[in-house]
Protein chains: 2
Amino acid sequence: MSVIFSKKCEYALQAILYLASKDEKEYFSAREIAKDLKIPKEFISKILQSLVNFKIVGSKKGKNGGFYLAKNPNKIRLIDIVEAIDGLDVFTTCVLGFPECSYDSPCPVHSEWGKLRSLAYDMLSSQTIDHFTEKTLKKINQL
Amino acid sequence: MSVIFSKKCEYALQAILYLASKDEKEYFSAREIAKDLKIPKEFISKILQSLVNFKIVGSKKGKNGGFYLAKNPNKIRLIDIVEAIDGLDVFTTCVLGFPECSYDSPCPVHSEWGKLRSLAYDMLSSQTIDHFTEKTLKKINQL
DNA sequence: ATTAATTCGGATAAATTAATCTTATTAAAC
DNA sequence: GTTTAATAAGATTAATTTATCCGAATTAAT
Ligand code: SF4
Ligand code: SF4
């Protein structure tokens, strides 16, 4: 099974898009995020906690506490989430799993794949999450 | 850690490229493929065995036996290997892990991501492995 | 103060993927 | 025929990823 992002990263992206799309409240609890996105509560808690460490998300403990975006949605890029959770290795290591990927010793598909990889990186770097709020709300309501 | 292809798939691609690039011999044993590509022998054996089931690779048992390409390298596309080992789900399921990806209920990044995905699919579908023999040999010699 | 609802950290369990081992079968070489 | 070297198939183990559990700390409401 091929995968682009780990489950952790998928959930992280979903949760961040969720927080960015709903702004009426101050704090959103892991419980309610998990319920709306239909993903395991304990798992998304852990993920949100690590996003707190990366200063992308903020949190407040205790009753009525929860999570919120620590930055303006137009300052959070998709790549920031990917980098925090999965790292940026996909963009630097060989697609074919050959060791020592570099411009000196390119893997066989270097030139073809390289273009796609750059495009993906550029897309994830240029798109900020405020750009997706409308579509996110629509999607969440369908879950 | 993000991954594009599973380890199995990476090794499969490597092994196929290997077979396509070396044509002086009839059969290549798992032992020698594993040694040259520096990957576990037992693992690559299993992978080659399943490629035999997919009719991409042929095999001969017994002493001096081994594996060989069952088709002309210019008829084997990269996507064929990916499909056999990992399946084509990456190209149809949501990058963000939202369920029910479709054109009715696109995930938030649908339009941006969709382009990249099509490009990746097209590339893997258009490139046949005979195209990479020279670069593969160069790479193998560096391992 | 007490209670309830929350994040947080660490430990643990379950599931999946990666790798290895074991035995059987096949075929060439001697 | 015996030995040797190979694939094949199935079982097992190891490692990694995904998911859950538990107890402590925190905060708001009663
Ligand atoms: S295509 Fe080139 S740059 Fe991309 S992983 Fe392979 S060697 Fe590295
Ligand atoms: S971007 Fe669109 S097509 Fe691609 S996974 Fe998301 S919903 Fe599906």
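Below, all heavy atoms of this structure are taken into account, side chains as well, without hydrogens, waters or symmetry copies. In what follows, chains carry the letters A, B, and so on, assigned in the order in which the sequence lines appear, proteins first and then strands, with residues in each chain numbered from 1.
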- Step-by-step side chain to side chain contact (heavy atoms under 4.5 Å, CB included) determination, Gln49(B) to Ser45(B): CA-CA 6 Å; Gln49(B) 280 167 36; Ser45(B) 299; 4.1 Å; yes
- Message: Walk me through whether Ile79(B) and Leu88(B) qualify under side chain to side chain contact (heavy atoms under 4.5 Å, CB included).
- Response: CA-CA 9 Å; Ile79(B) 198 83; Leu88(B) 297 179; 3.9 Å; yes
- Task: Begin from the C-alpha positions of Tyr27(A) and Tyr68(A) and carry the test ring-ring contact (aromatic ring centres under 6.0 Å, His included) through to its verdict.
- Result: CA-CA 6 Å; Tyr27(A) 306 108; Tyr68(A) 58 92; 5.6 Å; yes
- Task: Mind running side chain to side chain contact (heavy atoms under 4.5 Å, CB included) on Leu13(B) and Val109(A) for me, showing each step along the way?
- Result: CA-CA 11 Å; Leu13(B) 288 162; Val109(A) 303; over 6 Å; no
Would you tabulate the nitrogen or oxygen pairs shorter than 3.5 Å linking the protein to nucleotides 13-15 of chain C?
none

Review item, nucleotides 23-26 of chain D N/O atoms under 3.5 Å of protein N/O:
unit_1	atom_1	unit_2	atom_2	d
dT26(D)	O2	Gly62(A)	N	3.3

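Put simply, the side chain of Ile129(A) does not reach to within 4.5 Å of the side chain of Tyr18(A), judged on heavy atoms. Using a 4.5 Å heavy-atom threshold, the side chains of Cys94(B) and Lys139(A) count as separate. Side-chain atoms of Pro73(B) and Thr133(B), non-hydrogen and from C-beta on, never get closer than 4.5 Å to each other.
To the nearest angstrom, P of dT7(C) lies 9 Å from CZ of Arg31(A). Following rounding to the nearest Å, Lys7(A) (NZ) and dT17(C) (C1') show an atom-to-atom distance of 15 Å. If you take CD of Glu26(B) and C1' of dT7(D), they are 16 Å apart, rounded to a whole angstrom. In this entry the distance linking CD of Glu42(B) with P of dT7(D) reads 11 Å, nearest Å. The CZ atom of Phe5(A) sits 14 Å away from the P atom of dT18(D) (whole-angstrom rounding). The separation between Phe54(B) atom CZ and dA8(D) atom P is 15 Å, rounded to whole Å. In this entry the distance linking CD1 of Ile39(B) with C1' of dT20(C) reads 15 Å, nearest Å. To the nearest angstrom, P of dA8(D) lies 13 Å from NZ of Lys41(B).
Under the Watson-Crick and G-U wobble criteria, each requiring two contacts below 3.5 Å, nucleotide dT13(D) is paired to dA18(C).
For the pairing with Ile33(B), the side chain to side chain contact (heavy atoms under 4.5 Å, CB included) check across Ile39(B), Leu48(B), Ile47(B) returns one residue only, Leu48(B).
Distances shorter than 4.0 Å separate some side-chain N or O of Asn64(B) from OP1 or OP2 on dA29(C). For the OP1/OP2 pair of dA28(C) and a distance below 4.0 Å, the side-chain nitrogens and oxygens of Lys60(B) include at least one atom meeting the criterion. A close approach under 4.0 Å does not occur between any side-chain nitrogen or oxygen of Ser29(A) and OP1 or OP2 of dA5(C).
Listed in residue order, the members of residues 43-53 of chain B having a heavy atom less than 4.0 Å from DNA chain C are Phe43(B), Lys46(B).
Within 4.0 Å (heavy atoms only), Tyr27(B) reaches no atom of the nucleic acid at all.
Other residues, nucleotides and ligands contribute only 12 or fewer heavy atoms inside 6.0 Å of the NZ atom of Lys138(B).
Candidate nucleotides dC8(C), dA18(C), dT20(D) were compared by shortest atom distance to the side chain of Pro40(A), and dT20(D) ranks first.
Rounded to the nearest 0.5 Å, atoms OG1 (Thr93(A)) and CD (Glu10(B)) are 7.5 Å apart. The distance from the CD1 atom of Ile16(A) to the NZ atom of Lys71(A) is 9.5 Å, given to the nearest 0.5 Å.
Residues Val90(B) and Val90(A) are members of one and the same hydrophobic cluster, defined by side-chain heavy-atom contacts under 4.5 angstrom among Ile, Leu, Val, Met, Phe, Trp and Tyr.
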